[in-house]
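As structure tokens, the structure follows; a few thoughts come after it.
Numbers restart at 1 for each chain; the letters A, B, ... are given by sequence-line order, proteins then strands. Below, each value reflects all heavy atoms present in this structure, side chains not excepted, and no hydrogens, waters or symmetry copies.
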Amino acid sequence: MPELPEVETARRALALDLPGRTVTEVRGRPVALRRPLEPERLARALVGRRLAAPRRRGKHLLLDVEGGGSLLLHLGMSGRLMLVSDPGPALAPHTHLVLRLDHDRELRLVDPRRFGLAHWLAPGEETHDPALSHLGIEPLDPSFPAIFPSLGRGRRASVKALLLDQRIVAGVGNIYAAEALWRSGLRPGRAAGAISCGRLERLARALQAVLEEAIAAGGTTIRDFAAPNGELGMFAFSLRVYGRDGEPCPTCQTPVLRTVIAGRSTFWCRRCQR
DNA sequence: CCAGTATCCTGCAGGC
DNA sequence: TGCCTGCAGGATACTG
């Protein structure tokens with residue numbers, strides 16, 4: 001579900017409320033997420049500590065604690081954070097972790113498919129954790145369009161696979177890869193290394209634009225994404241090809257294709273994308 | 001090293 | 001109506 005714009009939307013909502021709050025209680029069960037959730041370790045690390053401003057790295061959130069250490073969160077495919085007043089609504093099914101905060105608030109992690117992650121990073125562990133240490137460049141970094149073409153050099157895999165590879169670019173998923181490739185007129189299945197630098201730079205700029213627009217719209221809600229405050233993402237209305245197979249391409253009216261590239265559903269226009 | 005595939009898990013839509 | 005299949009916004013361990 002959540003790609004960079006959805007995680008950034010979540011971060012911004014949390015940034016309004018979390019800084020300065022103290023964690024008063026941690027509840028959870030040792031459920032098997034991507035890594036086993038360790039409620040007792042999280043409780044030892046978090047209870048009695050004040051939270052600082054949340055950070056984002058790729059699709060990860062980092063809830064820093066005053067005095068050092070961070071709660072590393074990843075929402076996987078179906079994860080969702082809820083920030084509710086306490087007592088809030090009944091716990092949603094698949095609520096794996098609850099942080100009670102002072103000032104009568106609760107932060108809940110809900111993740112039916114359990115591909116997500118909630119892991120305590122002690123001071124110093126952040127730089128070594130494999131979830132973070134292998135991440136590539138942030139696509140919203142101003143230097144990204146200049147650097148991206150060199151990252152594609154020599155690669156025989158598809159340009160779509162290049163965008164989805166978190167070790168190359170951190171935060172792009174299936175939706176925004178499709179939209180950026182359509183906007184830049186690039187065929188998703190083309191070998192990345194065979195594309196000119198100029199066109200890769202254009203792709204990088206298109207990706208920046210689509211990510212920024214999606215953040216401004218509060219992300220994309222297809223099925224169940226919502227910000228921690230419950231707001232739905234409005235960018236679904238702006239998707240041009242993702243999920244639109246058979247519908248006319250907004251530019252040329254040719255029906256949008258759905259094929260499988262890099263193991264994922266891929267939506268594109270055979271006429272506009274070369 | 002690189003690229004492609006299988007796998008983890010639940011929920012839901014669509015076909016019969 | 002109900003059952004079955006396939007597919008879903010991700011990451012990673014494995015294969016060749």
Side-chain angles (χ1 to χ4, degrees), chain A residues 1-10 29-37 56-61 72-81 91-96 109-119 129-136 139 151-181 188-194 207 210-211 214-215 217-227 232-246 258-267:
Chain A
M1 169 202 346
E3 306 183 28
L4 188 154
E6 290 72 41
V7 178
E8 178 62 19
T9 296
R29 301 172 50 81
V31 60
L33 302 184
R34 206 159 89 219
R35 296 179 203 170
L37 185 68
R56 180 189 60 73
R57 177 76 174 98
K59 299 173 191 171
H60 298 265
L61 275 177
L72 173 65
L73 296 172
H74 191 290
L75 300 176
M77 204 85 125
S78 59
R80 162 147 145 64
L81 291 167
L91 285 190
H94 309 290
T95 300
H96 303 309
L109 173 65
V110 184
D111 184 5
R113 291 178 68 183
R114 292 192 243 138
F115 293 165
L117 178 68
H119 181 81
D129 191 282
L132 298 170
S133 61
H134 303 312
L135 287 181
L151 302 176
R153 200 163 294 148
R155 299 205 150 247
R156 274 169 298 177
S158 65
V159 63
K160 182 181 183 193
L162 186 76
L163 285 176
L164 292 179
D165 190 337
Q166 302 300 298
R167 297 166 300 181
I168 308 284
V169 187
V172 182
N174 209 27
I175 293 178
Y176 299 105
E179 294 297 307
L181 287 162
R190 279 191 57 188
L207 177 62
V210 75
L211 293 175
I215 291 168
T220 298
T221 296
I222 289 177
R223 176 168 290 135
D224 51 11
F225 169 76
L232 302 181
M234 292 296 118
F235 196 71
F237 297 105
S238 301
L239 297 176
R240 298 294 181 241
V241 287
Y242 183 84
R244 298 194 180 279
D245 56 315
R258 176 193 173 278
T259 62
V260 174
I261 297 168
R264 317 286 300 277
S265 275
T266 304
F267 303 91

**OP:** Measure the distance from NE2 on H74(A) to C1' on dT12(C) and round it to the nearest whole Å.
**Re:** 12 Å

Original post:
Y176(A) side chain N/O closer than 4.0 Å to the phosphate oxygens (OP1, OP2) of dG9(C)?
Top reply: no

Original post:
Taking the nucleotide of DNA chain B with the closest heavy atom to each, which residue, P112(A) or A262(A), is nearer the 5' end?
Top reply: A262(A)

Original post:
For dC9(B), what is the paired nucleotide under Watson-Crick or G-U wobble rules, both distances under 3.5 Å?
Top reply: none

**OP:** Let me know the distance between CZ of R264(A) and P of dG6(C), rounded to the nearest Å.
**Re:** 19 Å

Subject >> Distance between C1' atoms of dA11(C) and dC12(B) (Å, rounded) >> reply: 23 Å

**OP:** Answer yes or no for this row: F115(A) ring on dC9(B) base, centroids under 5.5 Å, planes under 30°.
**Re:** no

Original post:
Under 4.0 Å: is that the gap between some side-chain N or O of H94(A) and OP1 or OP2 of dG11(B)?
Top reply: yes

**OP:** Would you state whether a donor and an acceptor, one from the side chain of R223(A) and one from the base of dA8(C), lie under 3.5 Å apart?
**Re:** no

Subject >> Complementary nucleotide for dG2(C) - Watson-Crick or wobble, under 3.5 Å >> reply: dC16(B)

Original post:
Got a donor-acceptor pair under 3.5 Å from the side chain of R113(A) to the base of dC9(B)?
Top reply: yes

Original post:
Is K59(A) near enough to dG9(C) that one of its side-chain N or O atoms lies under 4.0 angstrom from OP1 or OP2?
Top reply: no

Subject >> side chain to side chain contact (heavy atoms under 4.5 Å, CB included) partners for P93(A), two or more places apart >> reply: none

**OP:** Send over the distance from I222(A) CD1 to dA13(B) P, rounded to a whole Å.
**Re:** 14 Å

Subject >> First of R258(A) and R35(A) reached from the 5' end of DNA chain C, by closest nucleotide >> reply: R258(A)

**OP:** Determine the contact category for G263(A): base if any of its heavy atoms lies under 4.0 Å from a base atom, sugar-phosphate if only primed atoms, P, OP1 or OP2 are that close, otherwise nothing.
**Re:** nothing

Subject >> Listed partners of A217(A) passing side chain to side chain contact (heavy atoms under 4.5 Å, CB included), at least two apart >> reply: M234(A), F235(A)

